[in-house]
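Worksheet: one structure, shown below.
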Amino acid sequence: MRKALRWLLTLVVLIGTVSTAGAATAAEPGPVDIKDRLLAIPGMSLVEEKPYTGYRYFVLNYTQPVDHRHPSKGTFQQRITVLHKDVSRPTVFYTGGYNVSTNPSRSEPTRIVDGNQVSMEYRFFTPSRPDPADWSKLDIWQAASDQHRIFKALKKVYGKNWLATGGSKGGMTATYYERFYPRDMDGVVAYVAPNDVVNNEDSAYDRFFTKVGTKECRDRLNAVQREALVRRGPLEKKYAQYAAAEGFTFNTVGSLDKAYEAVVLDYVWGFWQYAQAADCAEDELIPPNARTATDDQIWNSIDTISGFSFYTDQGLTPYTPYYYQAATQLGAPTIHFPHIEKKYVRYGYQPPRTFVPRDIPTRFQPYVMRDVDDWVRHNARHMLYVYGQNDPWGAERFRVDKGAKDSYVFTAPGMNHGANVAGLVADQKAFATARILDWAGVSAPAVEAAKPLAKFDTRLDTRDVEREPTLRP
């Protein structure tokens, strides 16, 4: 009996010891610090952490397959950033569609929901480029799959609702991501996103330029653009001197003459993309009488708005991935210039193939944008598009149709390529803000108030609509 009792007591102790050990194992915490949690993700590595009051900000590399269909065939390091607020807050997935900034900033939806922000550099923009670069692996599905893998990895850390956002090519990117992975995000906010469904039919742009702004402003801009081509000889001499002084070359575009015309033909487009209607009255920016203006006045106006460095090899090289995509899937606008006599226009709007080095092959796939457009019109869910009234890129835009649910397209009056929710008319602004908050899963009172949850921060929230080659979204 005593032996039996001792055996039973021993068994109880053993069971207790095992149970305690099991409980201790189960209760062992994982990494608590957010940096440790991020770096515990397989394939994630730290580039640097930058301090910012109220946040943690990380620049990271994430290992991605070159080809998501064949993950074993090589990898590359994709740069991302994380603006960490709190794991209990929603997260906004932002991309501009180009390089990612390594300085802390907030997109408008991030401020509205007072959340975290994950920002992704688009594949093939350096340094997020495979080496060697197989350009056939640069397409919208591969890029969407990059986002999908990043989301799956970070969702384990940031478990609340997620929204995708981006402006211009970033808005296109957010749309393509939703098309291919519609169950990832709880909502999409796409700003000024072009939608070139039929690449060789661009009459919407021509109609836009006959109506935008006032006739007085259109005539003033058209006159300067025409005069720059009339004075091609002396102004190209100035361009050659400028290029020689700066070390610029023209191998990709083919000649200084072609680059000069491309810059001049971008002039009117560039004004409406980046400037305000009121800027048209600025004599220093737009000479009031093009015929009597000096060569320097014409040069300075074109250079300020279009930029004579843009179509040099040095200006084009950072954007080769965009022009490659435009030449293969995205398409690009072509407009006409009825205010300029044909004898002055030698090349017209040049196709994106012109701006891609000859050793990179391209083949246009006309079905890709048609597929996306059809999907958005009939399947969009929790998607919001914001366009600027005076932005040329909004002439061909996304639309929602029957079958779309809780999805909207708004236009900000008088705004350019920097259009945002804050620029909408009051009732649309309140409605759009409420939908963003609702999709983010914040409290009902916050949704009803329909106001951004975070205070405006000059450093974080001032959007710089960067002046870039104007035939790029």
Side-chain angles (χ1 to χ4, degrees), residues 98-99 124-127 129 133 221-271 273-275 282-287 289-324 326-327 332 335 337 340-360 362 464-472:
Y98 296 93
N99 294 103
F124 279 67
F125 285 88
T126 55
R129 181 179 297 181
L221 292 166
N222 289 344
V224 173
Q225 186 178 53
R226 177 187 177 278
E227 195 67 22
L229 293 179
V230 170
R231 304 189 198 185
R232 195 178 199 126
L235 290 180
E236 282 198 0
K237 288 183 180 178
K238 186 178 181 69
Y239 194 19
Q241 293 169 353
Y242 169 62
E246 298 293 333
F248 291 148
T249 53
F250 302 94
N251 296 318
T252 297
V253 73
S255 68
L256 179 148
D257 188 51
K258 292 179 74 174
Y260 178 85
E261 182 170 296
V263 171
V264 172
L265 293 185
D266 277 357
Y267 175 76
V268 174
W269 185 297
F271 176 86
Q273 179 169 345
Y274 294 117
E282 295 291 333
D283 291 354
E284 290 187 5
L285 179 64
I286 314 294
N289 189 330
R291 290 181 182 274
T292 61
T294 65
D295 286 354
D296 281 348
Q297 286 177 308
I298 298 296
W299 169 276
N300 290 338
S301 185
I302 299 291
D303 191 39
T304 299
I305 290 173
S306 295
F308 279 107
S309 64
F310 286 160
Y311 290 109
T312 65
D313 294 330
Q314 292 72 23
L316 288 172
T317 295
Y319 303 106
T320 296
Y322 162 69
Y323 287 113
Y324 174 85
I335 63 174
F337 304 90
I340 304 175
E341 299 91 324
K342 291 183 179 179
K343 63 181 179 180
Y344 295 122
V345 180
R346 298 173 182 171
Y347 312 104
Y349 257 19
Q350 298 171 56
R353 167 73 260 190
T354 303
F355 310 119
V356 179
R358 298 280 80 77
D359 61 343
I360 301 175
T362 64
D464 180 19
V465 184
E466 187 179 352
R467 288 183 106 59
E468 298 167 333
T470 50
L471 268 187
R472 292 197 304 105

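Worth saying up front: this structure is predicted, and the values here are computed from it rather than measured.
- Scanning for side-chain hydrogen bond (donor to acceptor under 3.5 Å, both in side chains) contacts around Asp257 gives Arg232, Arg346, Tyr347, with sequence neighbours left out.
- The closest side-chain donor-acceptor pair between Tyr323 and Thr362, if any, does not fall under 3.5 angstrom.
- In summary, the aromatic rings of Phe337 and Tyr349 are positioned with their centroids under 6.0 Å apart.
- Paired with Phe355 under the rule ring pair (Phe, Tyr, Trp, His ring centres under 6.0 Å), one option of Tyr319, Tyr311, Phe250 passes, and it is Tyr311.
- Asn222 contributes atom CG, which lies 9.5 Å from atom OH of Tyr267 (distance to the nearest 0.5 angstrom).
- Ring geometry for Tyr322 versus Tyr98: interplanar angle of 30 to 60°, hence tilted.
- Annotation for Gln225 and Val268: closest pair OE1-CG2, 3.5 Å, computed over non-hydrogen atoms.
- Note that CD of Gln273 is 10.0 Å distant from OG of Ser306, once rounded to the nearest 0.5 Å.
- The CD1 atom of Ile305 sits 11.0 Å away from atom CG of Asn300, with the distance rounded to the nearest 0.5 Å.
- Judged purely by atom type and a 3.5 angstrom limit, Thr249 has no side-chain atom pairing as donor or acceptor with the backbone of Asp313.
- In this structure, OG1 in Thr312 is found 9.5 Å from CD in Glu246, a value given to the nearest 0.5 Å.
- For the atom pair Leu235 CG and Leu229 CG, the distance stands at 9.5 Å (nearest 0.5 Å).
- Contact between Asn99 and Thr126 at its shortest, heavy atoms only, is ND2-O, 2.6 Å.
- Residues Pro287 and Glu227 form no side-chain contact, since every pair of their non-hydrogen atoms from C-beta on lies 4.5 Å or further apart.
- Contact annotation: the side chain of Tyr344 approaches that of Arg226 to within less than 4.5 Å [non-hydrogen atoms, C-beta and beyond].
- Neither side chain, Tyr242 nor Asp303, offers a donor N or O lying under 3.5 Å from an acceptor on the other.
- Once rounded to the nearest 0.5 Å, the distance linking CD of Glu261 with CG of Asp266 reads 10.5 Å.
- Taking 4.5 Å as the limit, some side-chain heavy atom of Arg231 sits within range of a side-chain heavy atom of Ile298.
- Contact detail for Leu285 and Ser301: the closest heavy-atom pair is O-OG, 2.6 Å.
- Annotation: cation-pi geometry not satisfied between Arg472 and Phe310 (NZ/CZ under 6.0 angstrom from ring centroid, within 45° of ring axis).
- No more than 12 heavy atoms of other residues, nucleotides or ligands sit less than 6.0 Å from atom CZ of Arg291.
- Contact record, Thr252 with Pro357: CG2-N, 4.0 Å, taken as the closest heavy-atom pair.
- Using a 4.5 Å cut-off on side-chain heavy atoms (C-beta onward), Asp296 and Lys238 make contact.
- When the side-chain hydrogen bond (donor to acceptor under 3.5 Å, both in side chains) test is applied to Asp359, no partner is found at least two apart in sequence or on another chain.
- Residues satisfying the ring-ring contact (aromatic ring centres under 6.0 Å, His included) criterion with Phe308, sequence neighbours excluded, are Tyr239, Tyr260, Trp299.
- Side-chain contact between Leu265 and Ile335: absent, with no pair of heavy atoms (C-beta onward) separated by less than 4.5 Å.
- With Thr354 contributing its side chain and Pro351 its backbone, the two residues share a donor-acceptor pair below 3.5 Å.
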